[in-house]
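The structure under discussion appears below in the form of structure tokens.
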Protein chains: 2
Amino acid sequence: MTPTAHRAVSTDARAEGRALNERQAAILEAVVTEYIGSAEPVGSSLVAHAPGVQVSSATVRSEMVALEREGYLVQPHTSAGRIPTDKGYRFFVDHLTQPGVLGPTQHKQVCRFFDQVHVEMEDMLERATGLLSELTSYAAVVVGPSHDSATIRSVQLVGLAPHLVLLVVVLSDGAVEKQTMEFEAEVADDVLTTAGALLSTHLVGRTTTTGWTVPSGGSAEVDRVVAAATAAFGLMGRSIESDQIFVGGPSRLAQSFDAVETVRSVLGILEQQLVVVTLLRDVLDRGLSVAIGTEHGYEPLASCAVVVAPVSIDGVDLGAVGLLGPTRMDYQRALAAAHVVGERLGQRLGETGRGGASAGAGSHDGGN
Amino acid sequence: MTPTAHRAVSTDARAEGRALNERQAAILEAVVTEYIGSAEPVGSSLVAHAPGVQVSSATVRSEMVALEREGYLVQPHTSAGRIPTDKGYRFFVDHLTQPGVLGPTQHKQVCRFFDQVHVEMEDMLERATGLLSELTSYAAVVVGPSHDSATIRSVQLVGLAPHLVLLVVVLSDGAVEKQTMEFEAEVADDVLTTAGALLSTHLVGRTTTTGWTVPSGGSAEVDRVVAAATAAFGLMGRSIESDQIFVGGPSRLAQSFDAVETVRSVLGILEQQLVVVTLLRDVLDRGLSVAIGTEHGYEPLASCAVVVAPVSIDGVDLGAVGLLGPTRMDYQRALAAAHVVGERLGQRLGETGRGGASAGAGSHDGGN
DNA sequence: GCCTGGCACTCAGTAGACTTGAGTGCCAGG
DNA sequence: CCTGGCACTCAAGTCTACTGAGTGCCAGGC
């Protein structure tokens with residue numbers, strides 16, 4: 001690493017502008033690292049003494065001019081140091097960040113979590129957001145698997161009150177959906193039993209997305225109940241198809257930003273679950289694990305970075321975990337935390353044999 | 001209302017300090033109203049021209065001195081106007097605020113909400129927080145009824161995978177609880193069926209809080225499943241006893257306060273569900289509907305006011321709705337919104353015959 | 001006795017002038 | 001091609017003065 005060896009660091013940076021040489025990369029790295037820590041513009045003399053740079057501040061300055069021209073750095077005002085642009089962070093994340101592992105304390109924390117947590121999925125996902133946000137001190141998001149490929153394992157009608165009946169459906173992935181049905185007339189217990197049996201026979205084993213018809217049960221009363229249940233299925237559909245989303249540690253956002261307005265708008269985004277899911281999916285689909293600033297296209301999040309990791313088992317997509325913080329976030333820690341938690345969540349979901357195409361493959365015969 | 005008629009307005013203010021006369025009350029009211037609107041210290045000349053006051057600013061000033069001495073107002077600094085203290089807001093809320101009704105637009109909004117929303121309780125409560133926070137532009141909290149007095153309506157065992165069984169319990173209030181059980185050995189379907197029937201026979205009709213034992217089912221395998229299910233009941237207990245809590249519009253907090261630190265700490269409180277429930281219960285138990293500033297004893301919420309309304313039907317407590325905003329909140333609107341929503345939620349929960357001792361009484365025919 | 005107008009006073013907030021110092025760009029010399 | 005040096009820039013801090021909103025107090029009037 002002689003000062004004169006200026007091999008290109010980026011393999012594809014040629015695509016736009018000139019590639020950064022090693023020294024420029026080192027300087028950029030120093031600026032980003034320092035800025036992430038201090039949140040204040042970084043001057044040339046500080047960078048000049050950083051390990052891996054070791055040239056005079058004048059040289060650093062001239063390189064900084066180049067980096068600024070190429071769009072990696074900006075100056076808030078003339079006589080200030082430099083701060084990284086989104087492009088600067090992007091280069092940092094892509095080329096200057098080693099995968100990174102969690103610290104021992106945090107690793108322990110993750111292990112403890114997965115030892116303690118029990119099998120109920122929603123509960124696990126919910127608490128995983130807490131874990132993630134505690135590990136990183138950023139806001140965390142976990143998106144659980146949707147149920148649309150699950151099959152129906154059980155259908156049950158339970159009378160709650162003379163005119164009220166609850167339809168309870170158990171899916172192969174362990175999810176339980178319910179829907180209340182209200183009737184004009186009282187519903188007799190034996191009608192419920194008959195209708196329930198009829199529904200069971202025709203629906204168990206089917207997927208929730210396919211359409212089906214249930215033949216008449218012989219009595220008008222039974223048919224009425226069956227029809228109501230079929231309608232209730234339709235109402236349930238919405239919650240079956242929609243992804244489960246959990247948000248953890250939103251109060252951390254207020255630590256990450258000091259402009260109230262930013263906090264407000266980011267919290268606002270987090271309240272719109274659909275937007276969050278779409279955002280995470282988008283980022284993952286584009287093969288990224290980090291979206292910085294405006295890269296994801298949501299203006300209210302322009303001052304945020306999003307770190308995403310898939311939750312999957314054997315290549316089957318089960319969901320995603322995400323972290324939301326300021327663009328000057330500690331990417332290494334965040335990436336490590338997201339990946340570890342995502343991976344172990346995937347293992348867990350796979351382990352219990354749920355939430356995948358493999359769910360029903362078992363040798364176990366016929367539903368009850 | 002001659003200027004010299006200084007009848008005491010408060011009936012019990014004698015208890016501490018002197019009672020406020022009518023003019024002082026009017027001045028206090030003007031200050032509070034004005035400050036709620038402008039968030040800036042209110043000067044004497046502004047108050048002098050307020051309707052209901054109509055004296056010179058000099059007179060207002062001397063009354064303000066008295067109000068300050070009694071602790072209803074403070075001056076941020078010598079040459080500034082006055083702002084209300086917690087005690088000032090308290091007097092305002094107790095004596096100067098008429099019950100108040102919602103505006104027509106908002107009333108419509110509430111009606112539309114209760115027309116559209118369907119019967120699933122969690123869903124309704126969840127969305128009620130959205131309604132409340134939209135009505136008032138403060139953060140909203142809804143606490144649902146706990147299930148501890150409900151009886152078991154159905155117990156079911158569903159096989160998910162060879163070693164995995166799901167215990168599904170339906171309660172009389174329409175709640176469905178589930179718990180996954182994992183077995184070392186494969187569980188045969190007929191064992192599940194037998195065990196399920198056994199559990200049903202012995203548990204349906206009981207409350208969730210009482211202890212019970214289920215006799216042997218004749219086979220070791222069945223007994224093993226029953227034992228596991230009994231243990232699973234224990235795990236479920238926690239979620240049955242804990243109250244359901246929903247938070248809506250936390251991003252509104254960032255609008256209410258301009259100090260990031262305040263936003264952070266209040267959001268932090270909202271994340272601790274237990275604390276929030278306790279807070280609401282405390283306030284309700286003390287017979288209050290508003291807790292201002294430090295009245296509730298949680299320092300992080302010292303700059304907040306909490307408006308609470310019970311959700312109950314026929315005197316049976318089903319939960320509570322709450323609003324969280326700055327001490328300079330619009331109490332009249334907030335109180336009106338909380339009461340209306342709380343009341344209608346109570347009606348709804350009662351209407352469907354759930355969530356109360358009255359479940360099953362249902363003389364009422366035909367719902368909506 | 002109580003209200004009112006008038007007057008002197010206080011003090012936060014704003015604006016302008018000045019200083020400081022961190023940091024830059026540029027250039028000549030090695 | 002790197003480096004030290006130098007002149008330059010400009011945000012932030014300090015000091016001063018000014019402004020005006022608002023007060024407290026008092027003497028006079030109803």
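Just so we're clear, the structure is a prediction, and the values are computed from it rather than from any experiment. Numbers restart at 1 for each chain; the letters A, B, ... are given by sequence-line order, proteins then strands.
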Among E68(A), E63(A), E34(A), E40(A), which one satisfies salt bridge (Lys or Arg N to Asp or Glu O under 4.0 Å) with R82(A)?
->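 In the set E68(A), E63(A), E34(A), E40(A), the residue that makes a salt bridge (Lys or Arg N to Asp or Glu O under 4.0 Å) with R82(A) is E68(A).
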
From [options], pick the nucleotide closest to the side chain of [X]?
| X | options | answer |
| --- | --- | --- |
| V55(A) | dC11(C), dT3(D), dT23(D) | dT3(D) |
| T59(B) | dA12(C), dC2(D), dT4(C) | dT4(C) |
| S56(B) | dT4(C), dC10(D), dG5(D) | dT4(C) |
| R82(B) | dG24(D), dG4(D), dT24(C) | dG24(D) |

Of Q54(B) and T78(B), whose nearest nucleotide on DNA chain C comes first from the 5' end?
->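 The residue whose closest nucleotide sits nearer the 5' end is Q54(B).
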
Convert the base pairs of DNA chain C into dot-bracket notation, remembering that pairs crossing earlier ones are written with [ ] and that bases paired across to another strand are shown as |; include only Watson-Crick or G-U pairs under 3.5 Å.
-> ||||||||||||||||||||||||||||||

For the side chain of R61(A) and the base of dG5(D), is some donor closer than 3.5 Å to an acceptor across the two?
-> yes

Output the rounded distance in Å from [atom1] ([X]) to [atom2] ([N]).
| X | N | atom1 | atom2 | value |
| --- | --- | --- | --- | --- |
| H49(A) | dT3(D) | NE2 | P | 11 Å |
| H77(B) | dG24(D) | NE2 | P | 13 Å |
| I27(A) | dT24(C) | CD1 | P | 11 Å |
| R23(A) | dC1(D) | CZ | P | 9 Å |

Is the shortest distance from a Lys or Arg side-chain nitrogen in E70(B) or K87(B) to a carboxylate oxygen in the other one below 4.0 Å?
->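 Judged by the 4.0 Å cut-off on N to carboxylate O distance, E70(B) and K87(B) do not form a salt bridge.
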
Can a salt bridge be assigned to the pair R286(A) and D282(A) using a cut-off of 4.0 Å between side-chain N and carboxylate O?
->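 Salt bridge absent between R286(A) and D282(A).
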
Parallel, tilted or perpendicular: which describes the rings of Y72(A) and F91(A), with under 30° parallel and over 60° perpendicular?
-> perpendicular

5'-most by nearest nucleotide on DNA chain D - S79(B) or V65(B) =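 Counting from the 5' end, the first nearest nucleotide belongs to S79(B).
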
So what does A80(B) touch, heavy atoms closer than 4.0 Å: a base, only the sugar-phosphate, or nothing?
->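 Sugar-phosphate: the residue A80(B), judged by heavy atoms under 4.0 Å, touches backbone atoms but no base.
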
Side-chain N or O of S44(A) less than 4.0 angstrom from OP1 or OP2 on dT24(C)?
-> yes

Under 3.5 Å: donor-acceptor pair, side chain of [X], backbone of [Y]:
| X | Y | result |
| --- | --- | --- |
| E134(A) | L131(A) | no |
| Q75(B) | T78(B) | yes |
| Y331(B) | T327(B) | yes |

